[in-house]
Amino acid sequence: MRGHATDPARPTDPGHRRLRRAAGALASAALLLPLLGAAPADSDASATGLQRSFSAAANKYHVPQSLLLAVSYIQSRWDTHAGAPSVTGGYGPMHLTDARTALADAPHHSEGTEDARGDSARPALHPTTEVPTQAELPPRLQTLTKAAELTGLPAEQLRTDPAANVAGGAALLAAAQRDLAEPLSADPADWYGAVARFSGADDTATAAAYADDVYDVLRTGEERTTDEGQLVALAARPGLAPDTAQLRRTGLRKVSAAGTECPSTVSCEWIPAPYEEFGEGDYGNHDLGDRPAGQSIRYIVVHDTEGAWDGVLTMVQDPTYVSWNYTLRSTDGHIAQHVKAKDVAWHAGNWYVNAKSIGLEHEGFLANPDAWYTEAMYRASARLVKYLADKYGIPLDRQHILGHDNVPGPTTSTVSGMHTDPGPYWDWQHYFTLLGRPFERTAHVRGDSPVVTIRPDYASNRPTYTGCVTSGQACAAHGSSEVRLYSQPDTSSALVKDIGTHPPGGVSTIGVNDIGSRVSTGQQYAVAERRGDWTAIWYLGQKAWFQNPAANPTAVASVGAVVTPKDGLTEIPVYGRAYPEASAYPAGVPAQAVSPLPYKLPAGQTYVAGEKVPGEYYYAVTFDAASHRVVVGKDQYYEIQFGHRVAFVRAADVRLTLS
């Protein structure tokens with residue numbers, strides 16, 4: 001997000017995060033089978049413990065097993081997360097919510113001091129608003145309590161035991177079906193209304209979007225190995241047609257999507273960020289624009305909220321705070337839009353990026369590895385991004401779909417304060433798979449490829465981080481999208497330096513908010529050298545090494561365009577924004593400095609290039625949009641993948657080659 005946001009988020013006791021592993025889960029599942037009822041006679045004797053738990057719970061509560069599996073997949077992709085709660089206090093494969101327990105004593109963190117607006121033509125904007133705490137919990141955040149009542153199982157067991165958790169989910173589905181006066185049918189097509197109610201949504205649009213996702217999974221089928229190493233499978237039912245008319249009998253309120261810019265495949269409502277004048281030339285909390293007619297939209301920026309849904313919505317409706325375009329809810333993927341695409345939200349800390357981007361806030365917490373994101377939110381976000389990318393011609397790659405942590409500081413003084421969300425625990429590989437653009441090998445010969453795409457296995461890639469709860473304390477082991485970089489092909493060597501993030505010495509750390517020596521899934525870099533299981537890339541003007549064994553690669557061979565300084569130049573400057581030359585500014589619009597960052601791109605090094613763009617600046621420093629101007633220069637820039645963040649170099653300084 002953008003400021004020193006605080007919110008109760010996660011329990012500090014590590015026991016809440018590591019309550020049991022696979023062996024314990026299998027044992028407890030076996031103990032629960034008599035309670036849940038014997039598995040059906042036709043169950044697969046070779047099925048894993050978790051698969052048998054679904055079978056047993058379905059049999060006990062007379063819920064179609066395929067339906068139970070599909071609902072769980074949308075909740076958690078069948079993962080147990082070692083008994084740890086999600087970002088909204090949901091536990092286990094069925095994401096049974098107990099937010100009061102999960103969020104009561106959670107830590108918070110501060111991830112930077114950036115000016116969210118990032119416009120040097122105006123004073124820095126550092127609002128002091130904090131995320132309000134959740135005063136009352138809505139029913140969608142308390143489903144575990146009802147599951148305990150229905151099953152007679154203790155709440156702690158529902159939180160920590162996968163078999164009990166699955167049973168609780170089955171009981172909730174059966175109760176929803178009975179509440180709708182529907183029979184406990186063996187046909188999953190007869191359960192649409194119950195699935196909609198299970199979502200926890202209080203409106204028909206959100207509930208329907210959730211139910212549609214569940215039935216999509218039923219039609220296509222799924223199979224995956226969970227975070228506890230158990231294979232779970234759901235056979236496809238391609239012709240399944242649910243009784244969607246049941247939605248009218250759920251009693252849920254109707255929410256209008258009027259005014260929103262969302263695809264029909266998601267649930268979306270308009271909750272506007274205010275555009276208000278305060279006097280003395282001050283106003284908030286965004287700028288009016290004329291995009292894409294006045295200027296193109298080239299980026300989508302992924303954030304996390306660092307706060308819970310209701311509190312974050314309160315913040316974006318504060319005219320003295322900052323803004324973003326959309327917020328996405330974790331429990332069910334519901335979306336609120338706040339700023340129109342034509343206007344410019346204040347979210348990324350870099351005015352050039354703000355003026356050319358759309359910002360998406362996802363309910364979540366960067367420094368809480370166990371605070372997992374639901375599949376419902378990933379899917380809703382991917383559908384929204386695909387829609388926006390298609391509408392505005394935004395390429396679906398990691399130089400255009402950015403994390404906030406990939407946005408460069410616009411000037412040297414701002415680099416160290418830039419935010420670092422969504423952080424190492426956002427699953428970029430899964431996200432881009434949902435976008436229909438999975439990261440794949442594009443070069444045939446691994447050893448000779450001049451470019452690599454970072455692509456570790458998320459689940460097994462578990463680098464150590466510190467600072468999740470207390471400074472210096474190790475974070476819980478967890479899957480990660482990011483790969484650590486060293487100064488030599490040896491894990492005992494120093495981490496590579498980042499002189500911008502850590503002036504003056506540049507010494508990097510393994511802190512969860514320190515991006516100085518990390519690369520992220522989907523990012524592409526030019527190869528500098530290879531030695532055995534190690535690969536070196538050019539990174540921030542230096543050679544950076546990462547482990548990349550053939551048996552378990554963390555990067556795949558790729559092709560792409562790269563830039564290097566033109567012949568005769570020993571080094572060239574690197575920029576955090578692609579601004580026009582001074583002569584391009586018309587009368588009345590003050591010229592903005594073409595200010596280089598503290599880094600240099602030396603001769604002999606190459607960096608993967610994105611698109612070529614003209615220098616551009618959006619002058620919008622007044623409440624009255626009549627004075628706003630888009631200034632476009634003659635100077636051209638290439639966006640490059642320079643470090644963890646992207647950067648810009650002048651086209652006149654580099655030579656572009658295809659590799």
Side-chain angles (χ1 to χ4, degrees), residues 398-399 406 424 428 439 441-457 461 463-464 480-502 505-510 514-565 570-572 574 598-610 638 640-647 649 654-659:
R398 286 302 315 279
Q399 287 194 327
N406 307 133
W428 285 108
F439 303 120
R441 181 192 302 271
T442 56
H444 295 298
V445 183
R446 175 179 182 269
D448 293 334
S449 67
V451 171
V452 290
T453 300
I454 305 301
R455 198 192 69 178
D457 176 71
N461 180 52
T464 300
S480 172
S481 285
E482 300 190 352
V483 174
R484 187 151 290 139
L485 301 175
Y486 297 88
S487 56
Q488 297 293 330
D490 184 344
T491 56
S492 64
S493 68
L495 299 176
V496 296
K497 293 185 175 183
D498 182 345
I499 61 173
T501 299
H502 298 288
V507 177
S508 298
T509 72
I510 61 170
D514 187 346
I515 62 167
S517 59
R518 301 195 320 230
V519 289
S520 184
T521 296
Q523 293 179 325
Q524 293 187 319
Y525 297 89
V527 174
E529 187 180 347
R530 288 184 172 90
R531 292 188 203 171
D533 288 342
W534 287 80
T535 299
I537 56 174
W538 295 119
Y539 183 91
L540 297 177
Q542 63 199 305
K543 189 181 289 187
W545 293 89
F546 66 94
Q547 290 180 291
N548 188 26
N552 185 26
T554 53
V556 294
S558 302
V559 295
V562 297
V563 295
T564 191
T570 58
E571 62 183 22
I572 63 171
V574 176
Y599 314 102
K600 299 292 184 181
L601 198 167
Q605 295 187 12
T606 54
Y607 290 83
V608 173
Y638 284 109
I640 62 170
Q641 188 65 63
F642 188 60
H644 189 90
R645 302 184 189 273
V646 299
V649 290
V654 298
R655 174 168 47 87
L656 179 75
T657 59
L658 297 178
S659 60

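Residue numbers count from 1 along this sequence. This one's a predicted model, so the numbers in the text were calculated from it and none came from an experiment.
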Compare all side-chain heavy atoms of [X] with those of [Y] and state whether any distance is below 4.5 angstrom.
| X | Y | value |
| --- | --- | --- |
| Ile510 | Leu495 | yes |
| Tyr539 | His644 | yes |
| Thr564 | Thr657 | no |
| Leu540 | Ile499 | no |
| Val527 | Pro450 | no |
| Phe439 | Ile454 | no |
| Gln524 | Arg398 | no |
| Asn406 | Gln523 | yes |

Practice prompt. Before giving the answer on side-chain contact (heavy atoms from CB on, under 4.5 Å), spell out for Val451 and Thr442 the whole-Å C-alpha distance, their side-chain angles and the decisive distance to 0.1 Å.
Written response: CA-CA 10 Å; Val451 171; Thr442 56; over 6 Å; no

Which pair of non-hydrogen atoms, one from [X] and one from [Y], has the smallest distance, and what is that distance?
| X | Y | result |
| --- | --- | --- |
| Ser558 | Thr453 | OG-OG1, 2.5 Å |
| Ala561 | Leu656 | CB-CD1, 3.8 Å |
| Val574 | Ala647 | CG1-CB, 3.4 Å |
| Ala443 | Val559 | CB-CG1, 4.0 Å |
| Gln399 | Gly610 | OE1-CA, 2.7 Å |
| Ala550 | Asp533 | N-OD1, 4.1 Å |

Discussion item. Arg531: which residues meet the side chain to side chain donor-acceptor pair (under 3.5 Å) condition with it, sequence neighbours left out?
Written reply: Glu529

Ignoring hydrogens and angles, tell me if any N or O in the side chain of [X] forms a donor-acceptor pair with the backbone of [Y] under 3.5 Å.
| X | Y | answer |
| --- | --- | --- |
| Thr521 | Arg455 | no |
| Gln488 | Ser493 | no |
| Asn461 | Glu482 | yes |
| Ser480 | Pro463 | no |
| Ser481 | Ser520 | no |
| Asp514 | Thr509 | yes |

Worksheet item: When rounded to the nearest 0.5 angstrom, what is the spacing between CD in Gln547 and OG1 in Thr535?
Response: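 The CD atom of Gln547 sits 10.5 Å away from the OG1 atom of Thr535.
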
Worksheet item: What's the spacing between Ile515 CD1 and Leu485 CG if we round to 0.5 Å?
Response: 11.5 Å

Item to complete: May I ask you to check whether Thr554 and Arg484 show a side-chain donor-acceptor distance below 3.5 Å?
Response: no

Worksheet entry | Residues forming a ring-ring contact (aromatic ring centres under 6.0 Å, His included) with Tyr607, sequence neighbours excluded | Phe642

Practice prompt. Go through Arg530 and Ser449 one step at a time and tell me if the side-chain contact (heavy atoms from CB on, under 4.5 Å) criterion holds.
Written response: CA-CA 11 Å; Arg530 288 184 172 90; Ser449 67; 3.0 Å; yes

Practice prompt. Evaluate the ring planes of Trp534 and Trp545, with Trp represented by its six-membered ring, and classify them as parallel (under 30°), tilted (30 to 60°) or perpendicular (over 60°).
Written response: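 The rings of Trp534 and Trp545 stand perpendicular, inter-plane angle above 60°.
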
Fill in: Worked verdict on Arg645 versus Thr501 for side chain to side chain donor-acceptor pair (under 3.5 Å)
CA-CA 11 Å; Arg645 302 184 189 273; Thr501 299; 5.5 Å; no

